[in-house]
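Just below is one structure, and these are the notes that go with it.
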Amino acid sequence: MSGSPRILIVGGVAGGASAAARARRLSESATIVVFERGPYVSFANCGLPYHIGGVISDRSRLLLQTPASLEARFELDVRVNTEVVSIDPGSQVVVARNLKTGKETRERYDALILSPGAEAIRPPIPGVNHPAIFTLRNMSDMDAILEVASKQIARRALIVGAGYIGLELAEQFRHRGMEVALVERLPHVLGVADTEMTFPLHEELRRQEVDLRLGRAVSAFEPDGEGLVATLDDGDRIACDLAVLCVGVRPEVRLVREAGLTIGSTGGIQVDDQMRTSQPNIYAVGDAVEVREFVSGEPAMIPLAGPANRQGRIAAEVILGRNSRYKATQGTAICKVFDLSFAMTGLSETMLQRKGMPFQRIYVHPADHATYYPGAHPITLKLLFDPKDGRILGAQAVGVAGVDKRIDVIAVAQRAGLTVFDLEDLELCYAPPYGSAKDAVNMAGFVASNVIRGDVALWEPEEIATLSEDQVLLDVRTPLEHALGTIPGSICSPVDELRDRLEELPKDREYLVFCQVGVRAYIAARLLTQHGFKVRNLSGGYRRYAMWKGTNIVPLACEAAMEKDAGE
């Protein structure tokens, strides 16, 4: 767009503010006006739970920019407390209403960027409008929650929904010393994750004394003195001083729909890869837009701050003449749950099954750094890949440390079109305090590549229910480990003794081998295979079986400590 365009931006925060700043960096002559319905144009909404818990003590640190700072640095006309109430695409005019004075103005545009965001869902539960029941999407929500939580009588918090925000709030209310009940209608927390990968999070939440109610829903709220009582669908009642609804968000598209713009199949604003809507000169970015999911290429709603920032930047560049394009969303995300972190990228196993896409899964449990250096912790890493060509479809990881690093590496590899064979060859930072000579990402690549090459066949925990007389569960750990906890019906034959005991094993059986995390069982599988035995390995070992079963894992040293770090 040549000359001195007039660019109007509806909504600030990640998408709108990024678009405004990028537009000014590209054009000193453009007129740029930002309309924000709330009182804050740019704030760190991902930091809201941490101010509630007191981890971020200074509220002002959440305010990334103010109208004054944006005007001083970028010469932006920022109008807070101003709502755009209608769009006339034919005349290229919007009507903006000052929410304090009620005055309306007609504003002409050459280009319009919509960043309306998403609103928190408040389900139609009886009693849900009680003043002590909140949602959390902006600074005003945060202030209202803090006002109640800071009262001396406020000792009990109820959180409905165990997604990212719900889990972060559970930790932060506990950080304040409050009793916390967490209700989730699914059988596990984090609906975007696969069931077995959330089991360590369940253990951690219970260890931190969170009253975790899985597979339950709130059917009603009712007042109880200065607080309230929630009745669950199983009849249980939970008393609390405040409740926060964290059951999801929906895109704010009323304005867009009334303007005649196309809404996509997922309910978000339909845009092309240049963030252009169905109307000329109107663009949309952020949590309200329908994006292309990276792995499947299908439409999706994936509300994340990083993509919103990039979309805002791209829209501004396209308006000002650059051929920028948005290249799909992987859904790379991370969540802190007390002393654990969970991170993921790409599609989950659940989503791959839903889409009917073929996949193979493997699990590894390496330490976050060299085990001979103090403070090493195991990481559980799940890798999903195409069984034919090794294309990376998704990954999830949970652990105390090093989770973000591994998922970030895999996310980059996935976007670059690398395969599991390339993960074998990645050269990553190594020193004992930071990693191992064979990093967790390399290990995942080794295991996945072994499967595709046919070096090892895998068995799955689900097969235990249908074992035949010709199949043998073979535990190749030590007798002590076997005694402390094993898969029922298994026999123990330690890997270090296996060569001397081959004559004890009939060759007309199939051996389903396992160890603690998969390393020793892989060695046993290779040994047995080369001696003519039919054998398959349990990827992830007994630790993976316990996660699948949902039982506590006997606290043993991780296998990386038993197998000396190689390559030193």
Side-chain angles (χ1 to χ4, degrees), residues 162 167 184 186-208 210 212 214-215 334-335 337-344 348-353 359-368 377-384 394-403 406-407 440 443-444 447-448 451 458-465 473 475 477 481-482 484-490 512-522 536-562:
L167 291 174
E184 169 57 55
L186 295 176
H188 61 88
V189 301
L190 279 180
V192 296
D194 289 324
T195 304
E196 78 281 8
M197 294 299 292
T198 64
F199 177 67
L201 303 180
H202 298 169
E203 288 188 307
E204 178 68 4
L205 288 163
R206 291 175 176 128
R207 187 178 73 86
Q208 298 289 348
V210 172
L212 185 59
L214 299 173
I334 190 167
C335 182
V337 184
F338 295 97
D339 292 337
L340 291 182
S341 296
F342 171 88
M344 69 179 296
S348 66
E349 178 178 340
T350 303
M351 287 303 299
L352 289 167
Q353 290 174 333
F359 68 92
Q360 177 68 60
R361 60 188 178 188
I362 62 95
Y363 300 77
V364 293
H365 306 279
D368 68 300
H377 296 281
I379 296 172
T380 292
L381 173 60
K382 177 179 184 177
L383 183 65
L384 297 151
Q396 299 170 47
V398 61
V400 173
V403 167
R406 274 65 187 206
I407 292 298
M443 292 298 297
V447 175
V451 172
L458 302 180
W459 67 276
E460 303 295 339
E462 293 87 349
E463 297 182 48
I464 294 173
L473 290 169
D475 186 348
R477 300 175 300 163
E481 292 174 278
H482 181 80
L484 288 173
T486 191
I487 299 175
S490 64
L512 307 182
V513 298
F514 67 94
C515 59
Q516 187 69 8
V517 299
V519 177
R520 285 172 288 174
Y522 168 66
R536 288 187 287 150
N537 182 21
L538 175 61
S539 178
Y542 181 66
R543 181 179 292 271
R544 186 271 185 96
Y545 164 80
M547 291 168 62
W548 169 77
K549 193 72 172 175
T551 57
N552 290 321
I553 300 169
V554 177
L556 296 171
C558 71
E559 186 146 337
M562 302 173 187

Glu204 side-chain N/O to Asp339 backbone N/O, donor-acceptor pair under 3.5 Å: yes
Ring geometry between Trp548 and Tyr545 (parallel below 30°, tilted from 30 to 60°, perpendicular above 60°): tilted
Interatomic spacing from CG in Leu214 to CG in Leu205 - rounded to 0.5 Å: 8.5 Å
Close side-chain approach of Leu473 and Thr486, heavy atoms under 4.5 Å: no
Row check, Phe338 ring normal vs Arg207 NZ/CZ: under 6.0 Å, within 45°: no
Note, Tyr363 side chain near Val447 side chain (heavy atom, < 4.5 Å): no
Closest contact, heavy atoms only, Val364 versus Ala440: CG2-O, 4.3 Å
Spacing of CZ belonging to Arg543 relative to CD belonging to Gln516, to within rounding of 0.5 Å: 6.0 Å
Close side-chain approach of Leu340 and Glu203, heavy atoms under 4.5 Å: no
Which atom of Pro378 lies closest to which atom of His365, heavy atoms considered: CB-O, 4.3 Å
Residues Glu460 and Arg544 bridged, charged N to O under 4.0 Å: yes
side-chain contact (heavy atoms from CB on, under 4.5 Å) assessment of Ile487 paired with Asp475: CA-CA 8 Å; Ile487 299 175; Asp475 186 348; over 6 Å; no
Least distance between heavy atoms, Thr198 atom then Ala193 atom: CG2-CB, 3.7 Å
Criterion side-chain contact (heavy atoms from CB on, under 4.5 Å) on Leu201 and Leu190, from CA distance to verdict: CA-CA 9 Å; Leu201 303 180; Leu190 279 180; 3.8 Å; yes
Heavy-atom side-chain contact between Pro461 and Leu538 under 4.5 Å: yes
Lys/Arg N to Asp/Glu carboxylate O, Arg520 vs Glu481, below 4.0 Å: yes
Residue pair Ala521 / Val513: nearest heavy atoms and the distance that separates them: O-CG2, 3.7 Å
Nearest-0.5 Å distance, CG of residue Leu512 to OG of residue Ser490: 11.0 Å
Point-to-point distance, once rounded to the nearest 0.5 Å, from CD of Gln396 to CG of Leu383: 10.5 Å
Asp194 backbone acceptor or donor facing His188 side chain under 3.5 Å: no
Lys382 side chain near Glu349 side chain, heavy-atom distance below 4.5 Å: yes
From Gln360 atom CD to Leu352 atom CG, the distance as rounded to the nearest 0.5 Å: 12.0 Å
Reported CG-to-CG distance for the pair Asp368 and Leu381, which is rounded to 0.5 angstrom: 13.0 Å
Shortest non-hydrogen contact between His202 and Pro187, atoms and distance: CE1-O, 4.0 Å
Side-chain heavy atoms of Val189 within contact of Leu167, under 4.5 Å: yes
Taking every non-hydrogen atom, the tightest pair across Glu184 and Ala162: OE1-N, 2.7 Å
Chi angles and distances behind the salt bridge (Lys or Arg N to Asp or Glu O under 4.0 Å) call for Arg361, Glu196: CA-CA 12 Å; Arg361 60 188 178 188; Glu196 78 281 8; 5.3 Å; no
Sub-4.5 Å side-chain heavy-atom contact between Gln353 and Phe359: yes
Side chain to side chain, Val403 and Phe342, heavy atoms closer than 4.5 Å: no
